[in-house]
Visitor: 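Sending over a structure as structure tokens; questions will come in a sec.
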Amino acid sequence: MSSHLLNKGYDPKEAERRWYAYWEKEGLFAAADVSDKEPFSIVIPPPNVTGVLHMGHAHNNTLQDILCRYRRMQGYNVLWMPGTDHAGIATQNVVEKGLAEEGKDRHSLGREEFVKRVWQWREEYGGLIIKQLKHLGASCDWDRERFTMDEGLSKAVRTVFVKLYEQGLIYRGDYIINWCPRCHTALSDLEVDHEDHNGHLYYIRYLFEKGEHGIVVATTRPETMLGDTAVAINPNDKRYGDLNKKRVILPLMNRVIPVILDEYVDMSFGTGALKITPAHDPHDFEIGRQHNLASIKVIGGDGRMNEQAGRFQGQDRFECREAVLEALKAEGLLEKIEPYQHSVGHCYRCRTTIEPYLSKQWFVKVKPLAEKAINAVKTGAVRIIPDTWTKTYFEWMNNIKDWCISRQIWWGHRIPAWTCEECGEMIVAMEPPKACPSCKGKTLVQETDVLDTWFSSALWPFSTMGWPDETQALKTFYPTSVLVTGFDILFFWVARMMMMGLHFMNEVPFKDVYIHALVRDAEGKKMSKSKGNVIDPLYVIDEFGTDAFRFTLAAFAAQGRDIKLSEDRIEGYRHFINKLWNAARFSLMHLSDFRPDETGRDIKGLSLADRWIMSRLSSVAGTVKTRLDEYKFNEAANTLYQFVWHELCDWYLEMIKPVLYGNGALSEGETKAGSSRYETTRFILWSALNKTLRLLHPFIPFVTEEIWDKLPGTRGSIMNAEFPAVDKGRYDVEAEASMDLLMGITGRIRNIRGEMNVPPSLQLEAIVQSAESDVRETLDEHRDIIINLAKLEALEITLPGERPASCATSIFGNSTIFVSLKGIVDFKAEQVRLDKEIAKISKELDVVGRKLSNEDFLAKAPQEVVKKVREKRERLEEKRNKLQENLVKIKQLADDA
RNA sequence: GGGCGGGUAGCUCAGUUGGGAGAGCGCCGGCCUUACAAGCCGGAGGUCACAGGUUCAAGCCCUGUUCCGCCUACCA
């Protein structure tokens, strides 16, 4: 077997390994900092360094890879910047878990040693997801791979922090933040997942300091009462009379606390009296501030009651809730308990219930930054696609709150702030200060907190390109062309990159944001380990091949609709890869000794099939380009699927078989080899396959490269080949119209065969009658095609005339088709078939008739439309009449028989 | 509470400015036709969630209803 021939089956595994290694070795993914070519750049949404490839990554990166390969083939200087994210809490959790197995914890190791361990872990396992992305075919410029904890990126982080601090956009202070008692750190508002919880509303009586009764408050969290410093009433609430200056005794603690008046209190909720715990509730904190109340923390950072909780000290907060309720009951102060549904915050990393917690943290003042980011979208400097997300974006940005950026963990960018032990001065600087600028003191203690991981990823589009240095990469590739990401990190990441990019680069970080949907399981449920419904991309790749997988993801990537994935669906697209492979295998059988450069110079006399496939290809190339430019990956993929399977394979390859096999279609006395017809056909076949491969490459890189490699006349990787542009010169309206006719007539004959159960081995005679001379001419000229594809013995083309005997009938356009069923005709079956057909037409005629008898329609609809409908009625009527005639004849024949 | 998306064939979904309801899979029937049975040929199957409205004309535009999903929110 020649090296040009393909094996019977395609072996994805072997080919994928081989070609990926080749691409890497040849440096085909490399971007040029300096180039004449137009730049196209994407920064990868950096996966967590702890991550393993899941469906979300696979989908996200497939789309990016399609864009990158597409642009590369269009001649752009493409940079796809890869890297990973240090994922502070997640990574720390992973390493801590490892330590726990050794019976150690990070505190026994100490900070420095612990961080060292994390780096070790990263060296060992951190590259995993990068390897997995390579299995996916990702064409990232791996030489530029970045990590958010790299020296360069760390410098960018420090620079940004210092500048924002100096600009007054970073501040430090005591506020209520979201605290995860398990991770032992503050979290931003975004990092809290709210879930509805079936809890209770507890009514507790606080007795007056003097006198009876007291006030009943309602709360969902009785344990926080231990830290209450007031009870608040709405000043307009007449029920409570004059409470001014009254005080109540806090039960269990026997602390006397004031009753205060505040309009915040909702009179209609509960009893209209609100207990105030400034240290454990954000609103209470606000009210406490306005009324100068003390804040008493009763829950510690570990989620246990502290020394302020009196006899409850040491209890877990939920344990304490029960204990408090018991104690209240014992004192007769628990008035009632009502079931109550409310939402409870959970840590997005470990699901632990969040504790609103008063502590000293660092914040970014985001309002001023957000304004610019809002504007960028308003002015169109950044396009969000699909547009429906724009509204969500504005909604969030307009209501944005300050961003808590400090985390009480060890793995991350340590905040570059130092406190002078001697005078208390705070120093924020790029490098550790030698001495206190205020008192010259030498004892400077660095802030122990690290920054939110998203703080560093917010800088990703420019930090990865070398900022704060003015690098050539930044000059060439910033702003990036497009960001491809899921909506789940629109706020976490996209919005913050916009703010930081605009603030520090004075330019948007990307021109387009393409927001893709989520990959779900076959039932539409979110894939999650706990549900056990995850499909592992690596398993899929192993089972079906990367190309089948990628094509599936692309084909289902309709904008704004989640992808429901199942193995069945991927298997379906594996069939497509197989189809392409076999079409190529067939083609190469006939092209092994073909020299396109020699033949290409003087091809002439294209056949109808040739003209048609080239016309279709040009049209397909146009559609694919348009759809990709609009990020309509599914439409691009489906266009190609349809073309390859149903045009290239079903019709074109079938039509040229006689030429390739030398079974006729040649002039009298001509032999196959060397005939111009044969060579021209081979050239067009070669050309069609060549173009098709290039159109498909961005979607299915491996199999296209493998076939490309075997295709004569190709040099080098298909990655460097040109993406086919629309070739207007190839548009051939006439050829397409002729083919529509031929395909239609063939279809009608096949339909008769199928309906009448005529086996393919039985060749039939057919007659087509048409009153139109150009139709007859076309059919006459290309009768071979119909004979071949409808498996006929002979085809006669005539003017309308006598109806031949013993025939089944069908209509296409103005043509009547008679298929001779001499000896096998089943009159009954034919009657049924015709009845069915006529019924269908009658139904359509009803609709059309109603329209045309409507005077308003005739008067008000555009003339064009009216004309169209009239023509349609004529066509349908003609068709029905003809079929009816035939039905009558068939009935006669049936009666005679 | 607010916002968004969706309801089209048995399943998963397309349907661009309103003007002839589509695909893939599945199903039924016929074929081992020399690229492919992971295939070829043919076929059946839909009151476009429901109710109104605008229009000569609505899957598409408007209003309401309903069901599903998601995001978001401080009523203790």
Side-chain angles (χ1 to χ4, degrees), chain A residues 6 8-10 189 194 201-202 217-221 224 232 264-266 268-271 273-277 281-284 286 340 342-343 356 386 388-389 391-392 395-396 399 487-488 490-491 517-518 520 522 524-526 548 555-556 558 560-566 568-569 571-590 626 630 632 634-635 638 641-642 645-646 649-650 653-654 657 661 747 750-761 789-791 836 844 847-848 851 854-862 864-866 868-869 872:
Chain A
L6 299 182
K8 176 132 186 180
Y10 169 59
D189 293 344
H194 291 274
L201 199 53
Y202 303 96
V217 299
T219 179
T220 54
R221 302 198 55 204
T224 62
Y264 168 79
V265 181
D266 180 353
S268 64
F269 190 91
T271 59
L274 174 64
K275 65 191 257 330
I276 303 295
T277 324
D281 183 282
H283 316 107
D284 292 7
E286 256 326 294
Y340 184 70
H342 61 122
S343 89
T388 151
W389 289 105
K391 202 170 170 181
T392 312
E395 188 77 15
W396 189 72
N399 296 306
F487 60 80
D488 46 337
L490 181 59
F491 308 135
L518 242 53
R520 298 173 176 278
K525 287 199 283 274
K526 212 166 167 171
F556 279 106
R561 175 101 63 158
D562 286 345
I563 297 178
K564 290 185 199 165
L565 198 69
S566 70
D568 292 351
R569 282 165 208 161
E571 195 180 349
Y573 285 102
R574 183 179 58 175
H575 296 175
F576 175 67
I577 303 298
N578 182 250
K579 186 75 180 175
L580 175 70
W581 179 258
N582 276 291
R585 184 166 170 262
F586 167 79
S587 305
L588 291 173
M589 280 176 165
H590 298 282
T626 311
E630 302 170 318
K632 295 190 170 164
N634 61 321
E635 293 182 23
N638 287 320
Y641 182 99
Q642 209 64 24
W645 203 304
H646 299 301
C649 291
D650 287 352
L653 294 185
E654 293 303 328
K657 272 180 183 176
Y661 284 120
R750 282 171 168 178
N751 169 260
I752 290 170
R753 297 191 74 115
E755 295 279 282
M756 308 296 277
N757 277 332
V758 181
S761 51
L789 297 183
K791 303 233 184 289
K836 211 165 64 178
E844 277 188 81
V847 177
V848 174
K851 266 190 187 171
N854 181 343
E855 280 180 28
D856 284 331
F857 174 71
L858 298 175
K860 291 180 185 168
E864 259 179 49
V865 175
V866 176
K868 246 186 184 170
V869 174
K872 186 176 178 184

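Numbers restart at 1 for each chain; the letters A, B, ... are given by sequence-line order, proteins then strands.
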Visitor: Please give the distance between the P atoms of B/G24 and B/A44 as a whole number of Å.
Guide: 15 Å
Visitor: Quick check: does any side chain N or O of A/Arg753 sit under 3.5 Å from a backbone N or O of A/Lys791, one acting as donor and the other as acceptor?
Guide: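 At least one qualifying donor-acceptor pair exists.
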Visitor: Would you write out the dot-bracket form of RNA chain B, 5' to 3', with Watson-Crick and G-U pairs under 3.5 Å, [ ] for crossing pairs, | for pairs to other strands and . for unpaired bases?
Guide: ((((((((.[[[[.)...(..]]]].(((((.......))))).....[[[[[..)....]]]]])))))))....
Visitor: Say whether A/Asp568 and A/Ser566, considering side chains only, have a donor N or O and an acceptor N or O under 3.5 Å apart.
Guide: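 Side-chain D/A pair, A/Asp568 to A/Ser566: absent.
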Visitor: Quantified in whole Å, what is the C1' atom distance between nucleotide B/A14 and nucleotide B/C48?
Guide: 13 Å
Visitor: How long is the straight-line distance from CD of A/Gln642 back to CG of A/Asp650, given to the nearest 0.5 Å?
Guide: 9.5 Å
Visitor: Would you sort out whether A/Val866 and A/Leu858 count as a side chain to side chain contact (heavy atoms under 4.5 Å, CB included), showing the intermediate values?
Guide: CA-CA 6 Å; A/Val866 176; A/Leu858 298 175; 3.8 Å; yes
Visitor: Does a side chain donor of either A/Thr224 or A/Lys275 reach within less than 3.5 Å of an acceptor in the other side chain?
Guide: yes
Visitor: Of the candidate nucleotides B/C36, B/C11, B/G42, which contains the atom at the shortest distance from the side chain of A/Arg750?
Guide: B/G42
Visitor: What is the nucleic acid contact for A/Ala859, judged by heavy atoms within less than 4.0 Å: base, sugar-phosphate only, or nothing?
Guide: nothing
Visitor: Could you check whether A/Val265 gets within reach of a base, just the sugar-phosphate, or nothing at all, counting any heavy atom under 4.0 Å?
Guide: base
Visitor: Could you please name the option among B/C71, B/C74, B/U12 that lies closest to any side-chain atom of A/Tyr264?
Guide: B/C74
Visitor: May I ask you to verify if any side-chain N or O of A/His646 is less than 4.0 angstrom from the OP1 or OP2 atom of B/G24?
Guide: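 True: A/His646 side-chain N/O within range (under 4.0 Å) of B/G24 OP1/OP2.
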Visitor: Using atom C1' in both nucleotides, what's the gap between B/C27 and B/C11 to the nearest angstrom?
Guide: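 Each nucleotide's C1' atom is 11 Å from the other's.
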Visitor: Check the orientation of A/Phe576 and A/Trp645. Use parallel for under 30°, tilted for 30 to 60°, and perpendicular for over 60°.
Guide: parallel
Visitor: Under the 3.5 angstrom rule, does the side chain of A/Asp281 hit a backbone N or O of A/Thr277 as a donor-acceptor pair?
Guide: no
Visitor: Taking atom P in both B/A21 and B/G46, what distance in whole Å separates the two?
Guide: 15 Å
Visitor: Could you write out each protein N or O paired with an N or O of nucleotides 56-60 of chain B at a distance under 3.5 Å?
Guide:
from	atom 1	to	atom 2	distance (Å)
B/C56	OP1	A/Lys860	NZ	2.7
B/C56	O2'	A/Asn854	ND2	3.0

Visitor: Taking only the P atom of each, what is the distance from B/G3 to B/U65 in whole angstrom?
Guide: 13 Å
Visitor: Establish, with yes or no, whether the OP1 or OP2 oxygen of B/C40 is under 4.0 angstrom from a side-chain nitrogen or oxygen of A/Trp645.
Guide: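 So the side chain of A/Trp645 is within the cut-off, an N or O lying under 4.0 Å from OP1 or OP2 of B/C40.
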Visitor: Do A/Thr392 and A/Phe487 come within less than 4.5 Å of each other through their side chains, counting heavy atoms only?
Guide: no
Visitor: A/Lys391 near the nucleic acid: base, sugar-phosphate alone, or nothing, with a heavy-atom cut-off under 4.0 Å?
Guide: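 Contact class for A/Lys391: sugar-phosphate only.
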Visitor: Tell me whether the guanidinium CZ or amine NZ of A/Lys657 lies under 6.0 angstrom from the six-membered ring centre of A/Phe586 and within 45° of its axis.
Guide: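 Satisfied, under 6.0 Å and within 45°.
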Visitor: Identify which nucleotide among B/G42, B/U72, B/A73 has an atom closest to any side-chain atom of A/His194, counting heavy atoms from C-beta outward.
Guide: B/A73
Visitor: Quick check: A/Tyr202 with A/Tyr340 (ring centres under 6.0 Å apart)?
Guide: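 No, they do not, as the ring centres are separated by 6.0 Å or more.
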Visitor: Is a side-chain N or O of A/Arg750 found less than 3.5 angstrom from the main chain of A/Leu789, in a donor-acceptor match?
Guide: yes
Visitor: Using the P atom as the reference point in each nucleotide, state the distance between B/G20 and B/U16 in Å, no decimals.
Guide: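 The answer is 14 Å between these two P atoms.
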Visitor: A/Asn638 has an atom CG; how far is it from atom P of B/U16, in whole Å?
Guide: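 Going from A/Asn638 (CG) to B/U16 (P), I get 15 Å.
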Visitor: State whether A/His283 places a side-chain N or O below 4.0 Å from either non-bridging phosphate oxygen (OP1 or OP2) of B/A76.
Guide: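 A/His283 to B/A76 OP1/OP2: no side-chain N or O under 4.0 Å.
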Visitor: Taking the nucleotide of RNA chain B with the nearest heavy atom to each, does A/Phe487 or A/Tyr641 sit closer to the 5' end?
Guide: A/Tyr641
Visitor: Just checking A/Glu855: base, sugar-phosphate only, or nothing, at a heavy-atom cut-off of under 4.0 Å?
Guide: nothing
Visitor: Write down the distance separating the C1' atoms in B/G69 and B/G29, rounded off to the nearest Å.
Guide: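 Nearest-Å result for B/G69 against B/G29 at atom C1': 40 Å.
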Visitor: Is A/Asn751 touching bases, backbone alone, or none of the nucleic acid, heavy atoms closer than 4.0 Å?
Guide: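 It contacts sugar-phosphate atoms only.
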Visitor: Under 4.0 Å, heavy atoms only, any strand: does A/Asp650 hit a base, just the sugar-phosphate, or nothing?
Guide: sugar-phosphate
Visitor: Hey, does A/Lys579 reach any base, or is it just sugar-phosphate, or nothing, if we go heavy atoms under 4.0 Å?
Guide: base
Visitor: Taking atom C1' in both B/A51 and B/G5, compute the distance separating them and give it to the nearest angstrom.
Guide: 22 Å
Visitor: 5'-most contact on RNA chain B: A/Glu571 or A/Glu755, nearest heavy atom basis?
Guide: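 Looking at RNA chain B, the more 5' nearest nucleotide goes with A/Glu571.
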Visitor: Please classify the nucleic acid contact of A/Thr388 as base, sugar-phosphate, or nothing, using heavy-atom distances under 4.0 Å.
Guide: sugar-phosphate
Visitor: With distance as the sole criterion, do the side chain of A/Tyr340 and the base of B/C75 form a donor-acceptor contact below 3.5 Å?
Guide: no
Visitor: Under 4.0 Å, counting only non-hydrogen atoms across every strand here, what does A/Arg221 touch: a base, just sugar-phosphate, or nothing?
Guide: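 Here A/Arg221 touches no strand at all.
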Visitor: By the 4.0 Å heavy-atom rule, please label A/Phe576 as base, sugar-phosphate, or nothing.
Guide: nothing
Visitor: Quick check against the 3.5 Å criterion: does A/Asn582 have a side-chain atom that pairs as donor or acceptor with the backbone of A/Asn578?
Guide: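 Side chain of A/Asn582 to backbone of A/Asn578: a pair is present.
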